[in-house]
Structure formats: structure tokens, C-alpha cells
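One structure below.
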There are 2 protein chains.
Amino acid sequence: MTDSTSQERFLQIGEAAERAQLTQRTLRYYEEKGLLAPPTRMEGGFRLYSPEDMERIERIRQLKELLGFSLAEIKEMLDAEDVRLQIRAGWRADADAAEKAEKLRRAREVTLHQIQLIDQKMAKMASMRDELAERIRKYDEWLLKHSEAAAANADAPQGEGTAAASS
Amino acid sequence: MTDSTSQERFLQIGEAAERAQLTQRTLRYYEEKGLLAPPTRMEGGFRLYSPEDMERIERIRQLKELLGFSLAEIKEMLDAEDVRLQIRAGWRADADAAEKAEKLRRAREVTLHQIQLIDQKMAKMASMRDELAERIRKYDEWLLKHSEAAAANADAPQGEGTAAASS
DNA sequence: TACCACATTGACGCGAACGTCAACGTTCAG
DNA sequence: CTGAACGTTGACGTTCGCGTCAATGTGGTA
């Protein structure tokens, strides 16, 4: 390691990949596909990922794993979203105000669409969860009925509640 | 159409695929991969899908699209689950009672695992939803700030609540 | 200055999940 | 009994999302 002084801000591809739980190949591939903007480099050419880059990478993972989008779809969304960065990075009253507003509306639309999709998925997942819980109940019924022996129950799914965990 | 008298019980591949929103190729592929048991056939060899088959097909879709499992994983789950059918279809006290119980426990375990996965996903999706809603708020802020003109708001995402819809 | 872990760019490979012919058989309405 | 619609089995093709070399360059430590 170059330095152990707590937190460094820029990561090279190795650590970046490790933290993001992806492979180096995958990161390069995302860059190649335009999902990630070419990150800054060291003189030698080594990639240096900024915290913003890391955020974006995490975003990609979420969109892919949670919502099941293809990389192409994700690219579109991120591109539309990028208006955010174009705003943060100073943008004065140089481009048409109308154009800005248009981009913002686009971004808003895309984001809203994602939310709606999440809602739909969550609804379906909830009802699927119910079905599964019902099945568990039936399994338990059968297991109790067909086994005279006594066995302590370990873990059963309760009615409502969500569990949160990172890694 | 062969018959328009309300509901037929068995569908051939064309209608089956249409109703399931899949292609015929996909159904055959699933069969080929062991995800679907070989359905009954007409004399000529045409596949006839029973309502149970259709249910199973729907199950596969859910596991794939909602939870993002691979077909191989889905096969495993369905195989484990199949104890359900083995029960429904008369099974007397011929096989070891112990063996039955073991299979049931397996099935229960698999199902429980699915539930846990759903819970995890839903938790993550909920937090992602929050982030997105926050972004929408910022977009609206900017849009209002940078546009003096008045514009009625159409649809904004509220705090909690899930929307349900089938097709 | 030498070393070694780490990185870079090609380029080819690969499994999953189907798409897409081609050649041929089946059903059924007319 | 004929024709159009529908289905069957191969078999090869395709896209996506990376994996896996190979040859070569970099960067910090000893």
C-alpha cells in the first residue's frame, strides 16, 4: 500500500474494484461502454477513481442488480441524469436557459420512471412474499402433522417487517 | 380459434406463450433445460400446457424478472419445491416418512431463503427509492428557481405507499 | 538500480438465454 | 381432401457481460 493514513480519496483500479465488489475487467468494460467517464490518470496511465466515480459505480450496480436493467439502459439513464453534474460544475447563463430546463425535465422524467418501476417491483415482490409465506405455513403444517416427534422451531417469517444490511 | 366458449383449460404453445408474455422458443427452451416438465401432448405431438404448467411458467418469470435468478438457480428451487406436487399427487406411506420430512424441510428452507432475499431486496429498493425521491425534489427546486413562468405540477411521488397493477 | 506488485491495451473465449432459419408433420375449417 | 395456420425437431447464429491470456509498461520499495 502506498499510504496507510486513513482515507485516500482516489483509488486505483485494484482497490476500486475490490470496494465495489466488481472485477477490474468489469470497470474497464463499463468505461469502454460509456457507462463510466474516462477517469483521471496518473502520469504512467494508471486509472484513478474519484469518490464521484465510486458513487456512479455503485449506482450502476444498484440499477443492474436491484432493478435488472441492461447496461445499455443504464447508460441512457445515467446520461440523462448527468445534467446533475453539469449543474454542479459551474454552468452560468451561457447555454439557453430553455435548454437547461429541458434537460432537467428529462432527468426528472427518467428518475420518476425509476421510482415508478421500483414501486411496481416492490408491489409484486410483496405479493410474492405473501404467497411464499403462505407456503411456509403449509410446510409447517405438514411437518407437524406427519411428525409426532417434537422439534423446536428455529426461525419463522413474521407478518411484516424489512431487514436491512449492507455487507 | 378452436373454441370461444369462455375458458379452455389446456393451451397449445402459441397461446401459452402469448399469455405468459414469452416466446414459443423460450417455452421449449425451458422444457429442454428441465425447468418445465414435458407437458402432455396431442396425438400429433403438439404440446398442451395445463393450468399447472402455466402457473409454473409464471413462477419462473417471477423468479427471473423480480429476483434476477439464473435459470439454473430457478431449476434448483423448483426441483426442491416439487415436493409439493409429489405430495398433492397421492403419495402414501410407501417412501420413508423420514425421507419425506427431509424433502419438506429442504423445500421449506429454499422458500424461506427466497423470502429473505425478497426482504433484502425490498429494503434496498426502499432506500434507493428515497434517494430518488430526494433527487426529484431537487430537480423541482431548480426548475422552480430557474423558471419564473408558472407551471402546474402533474404527478409527484408521495412519501409512502405502493402501487399495484397487473397488466 | 533492481525488483515485484500492480496496471495497460489488445484480442480471443465463453456461457447464458434465447433468435432464427429450414424441413417437415398436424389440425381443422370449408 | 385440400389448404392455411399452427406446431415439431434440429442446428446454427447472436447478444450481453464479462473471463482470461499475453505482451508490455509503471511505481514504489530495498
Side-chain angles (χ1 to χ4, degrees), chain A residues 1-5 8 10-50 53 56-57 59-78, chain B residues 1-5 8 10-50 53 56-57 59-78:
Chain A
M1 282 102 186
T2 303
D3 191 36
S4 69
T5 18
E8 307 132 303
F10 284 73
L11 306 174
Q12 37 189 121
I13 202 169
E15 230 190 313
E18 197 174 5
R19 298 217 185 166
Q21 289 281 65
L22 295 171
T23 68
Q24 306 185 9
R25 176 68 174 97
T26 299
L27 291 184
R28 294 197 195 100
Y29 181 67
Y30 287 176
E31 183 182 341
E32 194 180 315
K33 289 281 153 178
L35 281 147
L36 254 46
T40 58
R41 306 262 188 150
M42 304 168 68
E43 288 91 66
F46 286 24
R47 267 164 267 244
L48 284 179
Y49 293 93
S50 72
D53 290 330
R56 193 185 176 92
I57 290 168
R59 249 345 272 309
I60 296 175
R61 268 193 44 147
Q62 287 181 42
L63 289 171
K64 192 170 134 51
E65 295 182 8
L66 263 76
L67 304 190
F69 288 120
S70 72
L71 296 186
E73 291 169 321
I74 294 174
K75 177 174 164 44
E76 276 195 66
M77 294 176 187
L78 293 183
Chain B
M1 283 103 187
T2 304
D3 190 37
S4 68
T5 18
E8 307 133 304
F10 283 73
L11 307 174
Q12 36 189 124
I13 202 169
E15 228 189 315
E18 197 173 7
R19 299 218 185 167
Q21 290 280 64
L22 296 172
T23 67
Q24 305 185 10
R25 177 67 173 99
T26 299
L27 291 184
R28 294 198 194 97
Y29 181 67
Y30 286 175
E31 183 182 340
E32 195 179 317
K33 287 282 152 175
L35 280 146
L36 255 44
T40 57
R41 307 263 189 151
M42 304 169 66
E43 287 91 65
F46 286 25
R47 266 164 267 245
L48 284 179
Y49 292 94
S50 73
D53 291 330
R56 194 186 177 92
I57 291 168
R59 244 354 268 307
I60 295 175
R61 268 193 43 148
Q62 286 181 43
L63 290 170
K64 194 170 132 50
E65 295 181 7
L66 263 73
L67 303 190
F69 287 120
S70 72
L71 295 186
E73 291 170 321
I74 294 174
K75 177 173 164 46
E76 276 194 66
M77 295 175 186
L78 292 184

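Chain identifiers are assigned alphabetically (A, B, ...) following the order of the sequence lines, protein sequences preceding nucleic acid strands; residue numbering begins at 1 within each chain. No hydrogens, no waters, no symmetry mates; every other heavy atom, side chains included, goes into these values.
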To the nearest Å, how far apart are [X] [atom1] and [N] [atom2]?
| X | N | atom1 | atom2 | result |
| --- | --- | --- | --- | --- |
| L63(A) | dG17(D) | CG | C1' | 16 Å |
| R25(B) | dT20(C) | CZ | P | 11 Å |
| E65(A) | dG17(D) | CD | C1' | 13 Å |
| E18(B) | dC6(D) | CD | P | 10 Å |
| Q21(A) | dC18(D) | CD | P | 14 Å |
| E73(A) | dC16(D) | CD | P | 11 Å |
| I60(A) | dC16(D) | CD1 | P | 16 Å |
| Y29(B) | dA17(C) | OH | P | 5 Å |

To the nearest 0.5 Å, what is the distance between NZ on K64(B) and OH on Y30(B)?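 K64(B) atom NZ to Y30(B) atom OH measures 5.0 Å (nearest 0.5 Å).
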Compare the minimum distances between each of [options] and the side chain of [X], then state the nucleotide with the smallest one.
| X | options | result |
| --- | --- | --- |
| I13(B) | dG7(D), dG27(D), dG19(D) | dG7(D) |
| F46(A) | dG27(D), dC6(D), dC18(C) | dG27(D) |
| Q24(B) | dG17(D), dT8(C), dG7(D) | dG7(D) |
| T23(B) | dG19(C), dC18(D), dT27(C) | dG19(C) |

So which one's nearest nucleotide on DNA chain C is more toward 5', S70(B) or R41(A)? R41(A)
Residues two or more places apart in sequence or in another chain: which of them pass salt bridge (Lys or Arg N to Asp or Glu O under 4.0 Å) with E31(B)? R41(B), R47(B)
Does a side-chain N or O of [X] approach OP1 or OP2 of [N] to a distance below 4.0 Å, or not?
| X | N | answer |
| --- | --- | --- |
| Y30(B) | dA17(C) | no |
| Q12(B) | dC6(D) | no |
| T26(B) | dA17(C) | no |
| K33(A) | dT15(D) | no |

With no angle test and no hydrogens, is the base of dT8(C) tied to the side chain of R28(A) by a donor-acceptor pair under 3.5 Å?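 Looking at the base of dT8(C), it does not pair with any donor or acceptor on the side chain of R28(A) (distance under 3.5 Å).
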Of the non-hydrogen atoms in [X] and [Y], which two are nearest, and what is the gap between them?
| X | Y | value |
| --- | --- | --- |
| K75(B) | L35(B) | N-CD2, 3.6 Å |
| I57(A) | A20(A) | CG2-CB, 3.8 Å |
| L48(B) | M42(B) | CD1-CG, 3.5 Å |

